[in-house]
Amino acid sequence: MASLSNKMNRKKNIAIFASGNGTNFEALTEACQNGKINATIQLLICDNSQAFVIERAKKRQIPYWAFSAKDYTSKTKYETAICQKLRENNIDLICLAGYMRIVGNTLLNSYKNKILNIHPALLPAFKGTHAIDDAFKFGVKVFGVTVHFIDETVDGGTIVAQRAFEYHGNNRDEVEIKIHEIEYQLYPEAVNSILKKL
Ligand code: GAR
């Protein structure tokens, strides 16, 4: 009984998965470190040892595990290795933040309803890796950001939070800047709301 209540009361541990620059990693980490998210960023999982997000993790003294998918014979094999790292670190929630790989069944089954993603468009519109470009080229006037649980489909799964803004200009970079601004607000808010239910 005592160990069950310890488990329920302890601060939750988050792992962030990222592949590139890591500005959302930075925003989530900042929110944890200043108390806006009531959890600890315990681990960074990165599929690119050259990614700048690793420098961010080092600076903030957050442990990281970098792997190369090429070193494994299958997605199942590298996801099994990831699961082991997650278990060693008592991870309660996974936040994908610019992790440019499709998550497979090994991770999905081990962390059912515990993997969030941030996407730079208003899902279900503009799925995929070029969402901002696609929305801009399509000529939409309402852009936005989605935080959602992932499932086995690309950019599918239950939506947790969305925020939209109107843009009538013709500068794609302005749109990207605004999207990032929203991401840095929305992701910490959404993570906090989910943590309360875990
Ligand atoms: C973010 O804009 C995120 O929404 C997007 O990658 C960017 C990562 O930036 N994710 C996707 O497009 C997922 N389909 P960051 O590395 O600076 O956080």
Side-chain angles (χ1 to χ4, degrees), residues 14-33 36-37 39 41 43-60 62 64-67 69 75 79 82 93-104 107-108 111 114-138 140 142-165 167 171-192 194:
I14 295 175
I16 298 178
F17 287 32
S19 302
N21 185 0
T23 58
N24 280 282
F25 167 87
E26 194 85 42
L28 288 170
T29 305
E30 177 78 37
C32 283
Q33 291 179 346
K36 285 191 182 150
I37 295 178
I41 304 296
L43 183 65
L44 166 70
I45 300 282
C46 182
D47 63 336
N48 171 10
S49 60
Q50 303 304 310
F52 188 64
V53 68
I54 291 178
E55 299 310 312
R56 296 182 191 272
K58 285 181 185 164
K59 207 164 159 204
R60 288 187 177 265
I62 292 174
Y64 67 92
W65 188 65
F67 72 98
K75 191 186 283 275
E79 287 199 344
I82 292 174
L93 182 71
I94 294 168
C95 295
L96 308 184
Y99 180 66
M100 294 310 193
R101 279 183 186 278
I102 295 173
V103 173
L107 264 165
L108 276 171
Y111 288 86
K114 297 221 165 71
I115 310 179
L116 288 172
N117 181 42
I118 187 149
H119 186 75
L122 294 170
L123 290 173
F126 304 112
K127 297 180 175 186
T129 48
H130 304 290
I132 301 176
D133 286 331
D134 293 346
F136 192 74
K137 283 187 198 140
F138 203 85
V140 302
V142 179
F143 294 81
V145 172
T146 304
V147 177
H148 63 104
F149 283 109
I150 64 161
D151 65 12
E152 63 288 348
T153 62
V154 175
D155 295 322
T158 307
I159 290 174
V160 174
Q162 287 186 308
R163 194 155 296 156
F165 65 96
Y167 181 77
N171 185 333
R172 184 236 174 253
D173 293 345
E174 279 178 5
V175 174
E176 182 164 4
I177 288 167
K178 181 72 185 161
I179 282 180
H180 281 306
E181 271 174 28
I182 291 175
E183 288 184 335
Y184 308 151
Q185 297 284 323
L186 191 68
Y187 211 1
E189 286 171 22
V191 167
N192 230 354
I194 292 303

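Along the sequence shown, the residues carry numbers beginning at 1. Read the numbers this way: they start at 1 and go in the same order the structure lists the ligands and their atoms.
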Legend entry - Any side-chain heavy-atom pair of Gln185 and Val145 under 4.5 Å: no
Legend entry - Asn21 neighbourhood, listing ligand 1 atoms whose heavy-atom distance to it stays under 4.0 Å: 16 (O), 17 (O)
Inset, instruction - Report the nearest protein non-hydrogen atom to atom 17 (O) of ligand 1: residue, atom name, distance rounded to 0.1 Å. - result: Thr23 OG1, 2.5 Å
Inset, instruction - For the pair Phe67 and Tyr99, name the ring-plane relationship: parallel under 30°, tilted 30 to 60°, perpendicular over 60°. - result: tilted
Legend entry - Protein residue, atom and distance nearest to atom 10 (N) of ligand 1, heavy-atom basis: Ile118 O, 3.6 Å
Inset, instruction - List for me each residue that meets side chain to side chain donor-acceptor pair (under 3.5 Å) alongside Arg101, sequence neighbours excluded, and say none if there are none. - result: Asp47
Inset, instruction - Give yes if a backbone or side-chain nitrogen or oxygen of Asn117 is under 3.5 Å from a nitrogen or oxygen of ligand 1, and no if not. - result: no
Inset, instruction - Do me a favour and list the nearest non-hydrogen protein atom to atom 12 (O) of ligand 1 with residue, atom name and distance? - result: Pro120 CD, 3.4 Å
Inset, instruction - Considering only NZ, NE, NH1 and NH2 on the basic side and carboxylate oxygens on the acidic side, decide whether Glu176 and Arg172 come within less than 4.0 Å. - result: yes
Inset, instruction - Return the orientation label for the Tyr167 and Phe136 ring planes: parallel under 30°, perpendicular over 60°, tilted otherwise. - result: tilted
Legend entry - atom 3 (C) of ligand 1: nearest protein contact (heavy atom, Å): Glu183 OE2, 3.4 Å
Legend entry - Polar proximity ligand 1 side, Thr129 side, N/O cut 3.5 Å exclusive: no
Legend entry - Distance from atom 16 (O) of ligand 1 to nearest protein heavy atom, with residue and atom: Gly22 N, 2.8 Å
Legend entry - Atoms in ligand 1 with a heavy atom of Gly128 nearer than 4.0 Å: 14 (N)
Legend entry - Those atoms of ligand 1 less than 4.0 Å from some heavy atom in Met100: 6 (O), 10 (N), 11 (C), 12 (O)
Inset, instruction - Working to the nearest 0.5 Å, report the span between CZ of Arg163 and CD1 of Ile179. - result: 13.5 Å
Identify all side-chain donor-acceptor contacts of residues 22-29 below 3.5 Å with residues at least two apart in sequence or on another chain.
| unit_1 | atom_1 | unit_2 | atom_2 | d |
| --- | --- | --- | --- | --- |
| Thr23 | OG1 | Tyr184 | OH | 2.7 |
| Asn24 | ND2 | Glu183 | OE1 | 3.0 |
| Glu26 | OE1 | Arg56 | NH1 | 2.9 |
| Glu26 | OE2 | Arg60 | NE | 2.6 |
| Glu26 | OE2 | Arg60 | NH2 | 2.9 |
| Thr29 | OG1 | Phe25 | O | 2.6 |

Legend entry - Min side-chain heavy-atom separation Ile14-Ile94 under 4.5 Å: no
Legend entry - ligand 1 contacted by Lys127 (non-hydrogen, < 4.0 Å): no
Inset, instruction - Considering heavy atoms of the protein only, find what lies nearest to atom 14 (N) of ligand 1 and give residue, atom and distance to 0.1 Å. - result: His119 ND1, 3.2 Å
Inset, instruction - Examine distances only and state if a side-chain atom of Glu79 and a backbone atom of Leu107 form a donor-acceptor pair shorter than 3.5 Å. - result: yes
Inset, instruction - Report, in ascending order of atom number, the atoms of ligand 1 lying under 4.0 Å from any heavy atom of Gly98. - result: 6 (O), 8 (C)
